[in-house]
Every structure is written in structure tokens, then in C-alpha cells.
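Take a look at the structure set out below.
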Amino acid sequence: MKKIKLAYVALFIALTGLWLMADTVLSTAYSFFALRASLINYSGILGIGVMSVAMILAVRPVLFEPYLGGLDKMYRLHKWLGITGLVISVIHWAWAQVPKWLVGAGLIERPVRIRPPAETVAIFQYFQSQRGLAEGIGEWAFYAAVVLIILALVKRFPYRHFFKTHRLLAIVYLFLVFHAVVLMKFSFWGEVLGPVMAALMIGGSVAAFVVLFRRVGQSRQTVGEIEAIAHHKDLQVIEVTIQFKGRWAGHEAGQFAFVTFDEKEGAHPFTISSAWKGDGRIAFIIKGLGDYTHTLSAALKAGDVVKVEGPYGRFNFRSSKPRQIWVGGGIGITPFIARMKVLANQPDGTTIDLFHTTAVLDEAAIGKLERDALAANVRLHVLVDARDGLLSTERICQAIPQWQSADIWFCGPAGFGQALRKDFIARGLPPDDFHQELFHIR
């Protein structure tokens with residue numbers, strides 16, 4: 001989380017600094033409408049800037065994974081930027097519209113209109129002629145963006161509809177780019193701000209077309225066939241093994257992939273539960289958590305053709321510490337299963353304790369987990385909520401007195417992870433030693 005917070009703040013500082021270098025707000029005598037003009041420019045720069053970065057992140061650029069901590073973190077940044085872009089767009093719209101209403105109501109005096117000098121540069125002459133169109137397009141694109149972003153944030157809105165409507169934001173973004181290019185203060189193009197904004201909007205526009213033509217992650221996709229399905233009815237979990245028909249570059253334990261079982265539903269992210277052996281097989285353990293995943297147990301069968309895209313993620317268990325503590329809550333046990341399968345064949349000498357908490361005791365599933373832990377030389381702690389109570393930081397510390405020599409790897413419900421992280425940091429754990437996969441990408 002630290003990396004994406006720094007990236008988020010750095011983006012705002014950079015755009016604000018470039019705007020201050022280009023704008024005259026600090027050197028012009030104060031007047032309300034002069035300040036309004038500067039703040040419209042500023043909110044416009046911030047708005048299209050954060051939306052451009054959000055659009056670039058939407059195409060899953062693996063180039064940024066090492067710097068932002070993995071695609072799950074990048075999607076969290078994408079979400080923050082989308083919400084921020086919405087808020088800034090509302091502010092931008094308000095600065096443009098509210099003073100007009102106040103003038104119309106007679107509450108403030110209408111400013112004296114000064115005709116701007118005629119532009120001599122052909123491209124700026126064209127922009128000047130398109131200002132009315134750009135303002136109208138920008139206003140309607142703003143309304144569309146508000147609706148689409150709110151729909152994306154409503155968890156009750158079915159994923160299969162979100163998958164389709166969210167793509168429309170790429171069209172809205174392209175209209176907003178036209179609005180921004182035409183209406184951005186012409187003098188800004190001659191400052192450092194101009195090329196930076198041009199680069200962001202070009203990058204965002206390319207990403208928007210990638211989204212619209214459904215080319216996201218295409219170079220990382222391969223087709224496979226379901227080889228076997230194992231059912232754990234008490235846990236509402238299925239384990240799906242896929243045999244690839246095309247090339248798969250391989251994956252590390254802890255990574256995830258987007259799997260398309262149904263083209264109408266679109267791709268869903270699932271953590272990979274198998275180690276890569278170079279044999280073209282991959283496995284996923286999937287829990288029925290939503291309206292779609294609940295149907296998979298009955299819908300999937302051996303022989304079905306599926307599409308897999310990836311791998312993604314940086315939940316890779318790399319550490320300089322001699323000890324690791326793993327915490328897998330519910331279906332969050334998946335990356336640890338994959339890692340144990342790797343360690344069974346390639347031990348690295350790390351002392352590992354795995355805590356698995358579950359609401360339902362499935363003897364067959366726990367038996368497989370115990371065998372994996374034994375083969376990997378991992379000390380397993382299974383806690384059933386009704387029998388053993390809830391897992392806490394205190395219980396982990398009591399079970400492992402040497403916890404301070406370990407780093408912690410958590411996968412499970414976000415609130416549970418946040419509580420553990422807060423408690424361990426309060427006890428002296430360095431924040432960078434708590435690794436958490438962000439369970440919800442949407």
C-alpha cells in the first residue's frame with residue numbers, strides 16, 4: 001500500500017507544481033473571476049491527469065508491477081484515481097457553472113468581458129473555433145462519467161453488467177480529452193506542463209482504444225481446456241485444473257490470473273493454487289462468493305474451453321528474513337497452497353508457520369492441506385471459528401515467540417488483514433514486513 005500511496009501523492013504534487021509554474025495565479029492581482037479562471041484550469045489539469053493515469057492502469061501494464069507492488073495494488077490505485085477524478089470533475093464543473101448562476105441571480109456582478117487577442121497559430125485558431133463544442137461535449141461527458149463511476153462502485157451491480165458498462169468509460173474519456181485539449185489555456189502548451197499533459201493524454205487515449213477494441217492483456221492470454229474439477233460442497237469451493245493448449249510462460253506461487261469461463265460474463269481474477277512444473281497445467285481454487293462464482297460448480301465440466309490471462313501479482317514470498325508467518329483466511333489459503341507445492345520440491349530453509357482460519361471444517365480439504373504442509377516442512381495451525389475462536393495478533397505472538405524475526409504474509413478478508421497489520425505495527429513490526437494481497441480488485 002505504501003507504494004501506491006506515494007504514487008498517488010506524487011502525481012498530485014507533480015501536476016500541481018507544473019500548473020503553478022505555468023499559471024499566472026500567483027502573479028496576478030486578485031479578482032474573483034481571475035481566481036475562478038485559474039481554478040478551472042487547475043481542476044481541469046488534475047482531472048484529466050488522474051483520469052489518464054487511471055486509463056493507462058486499466059490495460060494492466062505489467063511494466064509498472066515492480067514499482068507499484070503488483071496488479072492488485074495497481075487496480076486499487078486505479079480505483080482511487082477514478083474516485084478522485086470524479087470528485088475533481090464535480091469541482092471543475094461547479095467552478096464553471098455556479099458563478100454563472102450567481103450572476104444570473106444578481107448575487108455577484110457580471111465581469112467585464114475582454115475579447116482575447118486573435119490567435120496567429122493555426123492550431124490555436126482551430127481550438128478557439130471549437131470552444132463551444134468542447135464545452136458542450138465536456139459537460140455531457142461529465143454527466144456520463146458520474147453515472148458510470150458510481151455504477152462501478154456499487155458492489156450490488158452485477159459483475160457481468162459492470163464488465164460491459166465500465167468499458168464505456170473509455171469513450172467518455174476520449175470525449176474529455178477533446179474537451180481538455182481544446183480548452184486548456186493556450187500558453188500552457190509552451191510550458192513544461194504542455195508536453196507532460198500531452199504524454200498523459202496520448203497514453204490514456206491509446207489505452208482507451210485498447211479497451212474499446214478488447215485487446216487488454218491479449219499478449220498474455222492463452223487457451224486451455226478443463227481437465228478435472230474437484231468439489232468441496234461444505235466449503236462451497238471447487239478446484240479447477242486446466243490443461244493449456246497454447247503457450248504459458250509460467251508463474252510464481254502467489255500470483256493470480258484472469259480466467260474467462262464465459263465470454264458474456266468476462267474475465268474474473270483468481271489466485272493460482274498450483275506450482276508451475278512446465279507441464280502445461282494450472283489449477284485454481286474458487287469459492288462461490290458472488291452471483292457468478294456460485295454458479296460455477298454446476299456450470300463447469302471437464303472439456304470446457306477457457307481463456308487464461310496472466311500471470312499477475314507480486315505476492316511472491318521473497319524475503320531476507322529467516323522466518324515467515326503466513327495467514328490464510330478462508331479462500332485466502334490459495335497462494336499458500338501453491339507456495340507449499342513449490343517448497344516441497346525446492347526447500348529454501350525458511351522457517352514457516354501457516355495459520356489457516358475457516359468457518360467450516362472440511363476434513364478432506366484439511367487433510368490435503370496437512371499433507372502439503374508436511375511435504376513443505378511448514379508448521380500448520382488450523383483454527384475453526386466455532387471450535388477455536390477467532391485468530392488474533394495475540395494468539396499468533398503466543399504461538400510464535402520469535403515473531404519479531406519474521407515477516408508476515410496475509411491473504412484473506414481485507415478488514416481482517418487491516419486489523420492484523422495495525423496490531424503488529426503497534427507491537428513494533430516494520431510496516432514493510434507485512435505483505436497483504438488486496439482481495440478485491442473491483
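Sequence positions, counted from 1, serve as the residue numbers for this chain. Reckoned from all heavy atoms, side chains included, excluding hydrogens, waters and symmetry mates.
Under the 4.0 Å criterion applied to side-chain N and carboxylate O atoms, Lys264 and Asp262 are not assigned as salt-bridge partners. Under 4.0 Å is where a charged nitrogen must lie from a carboxylate oxygen, and between Arg318 and Glu252 at least one such pair does.
The side-chain hydrogen bond (donor to acceptor under 3.5 Å, both in side chains) check on Ser205 picks up nothing, with sequence neighbours excluded.
Around CZ of Phe178, the count of heavy atoms belonging to other residues, nucleotides or ligands within 6.0 Å exceeds 12. Heavy-atom contacts from other residues, nucleotides or ligands closer than 6.0 Å to OH of Tyr126 number 12 or fewer.
Note that the OG1 atom of Thr84 and the CD1 atom of Ile149 stand 10.0 Å from one another [nearest 0.5 Å]. Taking OH of Tyr67 as the start and CZ of Phe64 as the end, the distance is 9.0 Å to the nearest 0.5 Å. Taken to the nearest 0.5 Å, the OG atom of Ser89 stands 10.5 Å off from the CG atom of Leu46. Between Leu148 atom CG and Leu86 atom CG the span is 10.5 Å, to the nearest 0.5 Å. Rounding to the nearest 0.5 angstrom, the gap separating the CG atom in Leu15 from the CG atom in Leu11 is 4.5 Å. With values rounded to the nearest 0.5 angstrom, Glu363 atom CD is found 14.5 Å from Lys368 atom NZ.
A donor-acceptor pair under 3.5 Å is absent between the side-chain atoms of His268 and the main chain of Val259, judged by distance alone. Between the Gln255 side chain and the Asn316 main chain, no donor and acceptor come within less than 3.5 Å of each other. A donor-acceptor contact shorter than 3.5 Å is absent between the side chain of His232 and the backbone of Val237. Between the side chain of Thr358 and the main chain of Leu361, no donor-acceptor pair closer than 3.5 Å is present. Using a distance-only test at 3.5 Å, with no hydrogens or angles considered, no donor-acceptor pair links the side chain of Gln243 to the main chain of Glu225.
Ring planes of Phe416 and Phe410: perpendicular class, angle over 60° (limits at 30 and 60°). In this structure, His166 and His78 have perpendicular ring planes: the angle between them is above 60°, well past the 30° mark. Taking the six-membered ring where tryptophan is involved, the planes of Trp93 and Phe142 are essentially parallel, since the angle between them stays under 30° and well short of 60°.
A side-chain donor from one of His231 and Ser297 sits under 3.5 Å from a side-chain acceptor of the other. Side chain to side chain, Gln324 and Trp326 meet the donor-acceptor criterion of an N or O pair below 3.5 Å.
Among residues at least two apart or in separate chains, there is no salt bridge (charged side-chain N to carboxylate O under 4.0 Å, His left out) pair with a member in residues 402-412. The salt bridge (charged side-chain N to carboxylate O under 4.0 Å, His left out) analysis of residues 300-311, with sequence neighbours excluded, yields the pairs Arg60-Glu309, Glu263-Lys307, Lys301-Asp304.
Checked against a 6.0 Å centroid threshold, the rings of Phe315 and Phe317 count as neighbours. Outside the 6.0 Å centre-distance limit, the rings of Phe258 and Phe270 are not counted as a close aromatic pair.
The nearest pair of heavy atoms linking Leu63 to Pro66 is O-CD, 3.5 Å. Taking every heavy atom of both residues into account, Ala365 and Leu235 meet most closely at CB-CD1, 3.8 Å. Here the closest non-hydrogen pair linking Trp189 and Val181 is CZ2-O, 3.8 Å. Of all the heavy atoms in Ala22 and Glu191, the pair that sits closest is CB-CG, 3.7 Å. Across every non-hydrogen atom of Ser273 and Glu239, the tightest pair is OG-OE2, 4.5 Å.
With Tyr42 as reference, Trp19 is the one residue of Phe188, Phe12, Trp19 to meet the ring-ring contact (aromatic ring centres under 6.0 Å, His included) rule.
Put simply, the side chain of Thr350 does not reach to within 4.5 Å of the side chain of Lys321, judged on heavy atoms.
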N/O donor to acceptor pairs below 3.5 angstrom from side-chain atoms of residues 372-385, sequence neighbours left out:
residue: Arg379; atom: NH1; partner: Asp353; partner atom: OD2; Å: 3.4
residue: His381; atom: NE2; partner: Asp353; partner atom: OD2; Å: 2.8

Tell me which donor-acceptor pairs under 3.5 Å the side chains of residues 332-341 have, and how far apart each pair is, sequence neighbours excluded?
residue: Thr334; atom: OG1; partner: Ile331; partner atom: O; Å: 2.7
residue: Arg339; atom: NH2; partner: Asp348; partner atom: OD2; Å: 3.2

Can you give the donor-acceptor pairs under 3.5 Å from side chains of residues 208-215 to other protein atoms, not counting sequence neighbours?
residue: Arg215; atom: NE; partner: Gln218; partner atom: OE1; Å: 3.1
residue: Arg215; atom: NH1; partner: Gln218; partner atom: OE1; Å: 3.1
residue: Arg215; atom: NH2; partner: Gln218; partner atom: OE1; Å: 2.9

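Geometrically, Arg220 engages Tyr312 in a cation-pi contact, judged by NZ or CZ lying under 6.0 Å from the ring centre and within 45° of the ring axis.
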